[in-house]
There are 2 protein chains.
Amino acid sequence: MTYTIKEVAEKTGLSIYTLRFYDKQGLLPFVSRNSSGYRAFTTGDLQLLKTICCLKNTDMKISDIRQYITYVMQGPSSIPERRTLLQAHQQAILAKQAAIEKNLQEIEFKLNIYTSPEAETLVNQELAVAQAEKIANDLSNPFQVKNA
Amino acid sequence: MTYTIKEVAEKTGLSIYTLRFYDKQGLLPFVSRNSSGYRAFTTGDLQLLKTICCLKNTDMKISDIRQYITYVMQGPSSIPERRTLLQAHQQAILAKQAAIEKNLQEIEFKLNIYTSPEAETLVNQELAVAQAEKIANDLSNPFQVKNA
DNA sequence: CTAAACCCTAGACCATACTCTAGGGCAACT
DNA sequence: AGTTGCCCTAGAGTATGGTCTAGGGTTTAG
């Protein structure tokens, strides 16, 4: 049993366009064609495609994914290179995770202000400080003036 | 005291180009100009810029950041809208965090294989299965054949 | 045997987010 | 006054990752 591009699109959530685009980019050299020239995805192909999605979802660039797939096509001799590539990517993901966590906390801090009962007071204070700073530096006030 | 665009670039890690681009995109309506038409960043402006970076670093689109900044410029009356916008973004970040965590685990699983002493055996097994599947479906073998 | 629903390629087009160039003004030092 | 090093805008160009169209072949059910 093999799968058509449409079936694979449904299974993966990628569009047919994207699948063909990935093939054009050299990400799917492992997908064979049937006698009509149609792509025939095996379950093994789906497994590899899942790995590609995994890398894509963690923001690996297509050129790097292509490099990884190229290694896979070369067989076991490329295991050291695959390991190096994935380890570098792992580090990139960990760094990104840390950054996201930090930014998320900032956003939660902002949200706490906006959700608190003193939200208006706090926001007004910030605004007053910002406006005073503009005036102190001889700058125009870019904030919208309250129309009582 | 105010900061020039160059100083702000150094402080934030954004390029001067990017800062001007953000201004062009309506992300910096709060930055006033001095008598020569130069941007003059106050410390309050830096604070807001930091928030912009926070949103950008968590993949908020520029159009959405612009919306948020527009709310900020409107003063306290827009607090409910700011809250709604940030809460939606918070949910998006949480979803992304979960997805990254899941994909990271997949990658770590792969790495464990590549790092284990049986790496070559395991990879060869996978490859054999994939090739057998191609043959079973009358497809060409796209993998590189070992030259003994 | 034909219509509907697939499949294919090549290549144009689009969105997003920058990045850079050209042309010109301002500020400080020499 | 000239040179250096900033600043400005407008707009062109680039990189990335799709998305779609045109033109054409295949497969399947009626």
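Per chain, numbering begins at 1; letters A, B, ... match sequence-line order.
Looking only at distances, a side-chain donor or acceptor of N34(B) sits under 3.5 Å from a matching main-chain atom of S36(B). A donor-acceptor pair is defined here as one N or O able to donate and one able to accept, closer than 3.5 Å; no such pair exists between the side chain of E126(B) and the backbone of V123(B). Side chain of E133(B) to main chain of T43(A): a donor-acceptor pair is present (N/O by atom type, distance under 3.5 Å, no hydrogens or angles).
With hydrogens and angles ignored, no donor-acceptor pair closer than 3.5 Å exists between the side chain of K56(A) and the base of dG18(D).
Using modelled atom types and a 3.5 Å distance limit, the side chains of E101(A) and Q105(A) yield a donor-acceptor pair.
We find that CZ of F21(A) is positioned 16 Å from P of dA12(C), with the value rounded to whole Å. At whole-Å resolution of the value, NZ in K24(A) and P in dC13(C) are 14 Å apart. When the P atom of dT9(D) is taken as reference, atom CG of D23(B) falls 7 Å away, rounded to whole Å. To the nearest angstrom, P of dG18(D) lies 9 Å from CD of Q25(A). In this structure, N57(B) atom CG and dC18(C) atom C1' are separated by 15 Å, rounded to whole Å.
For DNA chain C, no neighbouring residue in residues 92-99 of chain B is found when judged by any heavy atom under 4.0 Å. DNA chain C is contacted by no residue of residues 43-55 of chain B, taking any non-hydrogen atom closer than 4.0 Å. For DNA chain C, the neighbouring residues in residues 59-66 of chain B, judged by any heavy atom under 4.0 Å, are K61(B), I62(B).
Phosphate contact (OP1/OP2 of dA17(C), side-chain N/O of T18(B), threshold under 4.0 Å): absent.
Rounded to the nearest 0.5 Å, atoms OG1 (T70(B)) and CG (D64(B)) are 11.0 Å apart.
Listed here is the closest heavy atom pair of D23(A) and R39(A): OD2-NE, 2.6 Å.
With sequence neighbours left out, the side-chain hydrogen bond (donor to acceptor under 3.5 Å, both in side chains) criterion links Q25(B) to no other residue.
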Does the protein touch nucleotides 3-8 of chain D at the base, only the backbone, or not at all? Give it as B, S and - per nucleotide, heavy atoms under 4.0 Å. ---SSB
Step by step, work out the side-chain contact (heavy atoms from CB on, under 4.5 Å) result for V72(A) and F30(A). CA-CA 9 Å; V72(A) 170; F30(A) 49 85; over 6 Å; no
Show your reasoning for whether side-chain contact (heavy atoms from CB on, under 4.5 Å) applies to Q97(B) and L94(B). CA-CA 5 Å; Q97(B) 268 190 332; L94(B) 292 172; 3.7 Å; yes
Run the side-chain contact (heavy atoms from CB on, under 4.5 Å) test on E106(B) and K110(B) for me, step by step, so that the C-alpha distance in whole Å, both residues' side-chain angles and the decisive distance to 0.1 Å come before the verdict. CA-CA 6 Å; E106(B) 283 288 330; K110(B) 283 249 155 231; 5.8 Å; no
Are I5(B) and Y38(B) close enough, and set up right, to give a side-chain contact (heavy atoms from CB on, under 4.5 Å), and what steps lead you there? CA-CA 8 Å; I5(B) 196 168; Y38(B) 294 10; over 6 Å; no
Which atom pairs, one a donor and one an acceptor, fall under 3.5 Å between side chains of residues 46-57 of chain A and the rest of the protein, sequence neighbours left out?
from, atom 1, to, atom 2, distance (Å)
T51(A), OG1, Q47(A), O, 3.3
N57(A), ND2, C53(A), O, 3.1

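Which of dC18(C), dC20(D), dC20(C) sits closest to the side chain of Y17(A) comes down to dC20(D).
Around CG of D138(A), the count of heavy atoms belonging to other residues, nucleotides or ligands within 6.0 Å does not exceed 12.
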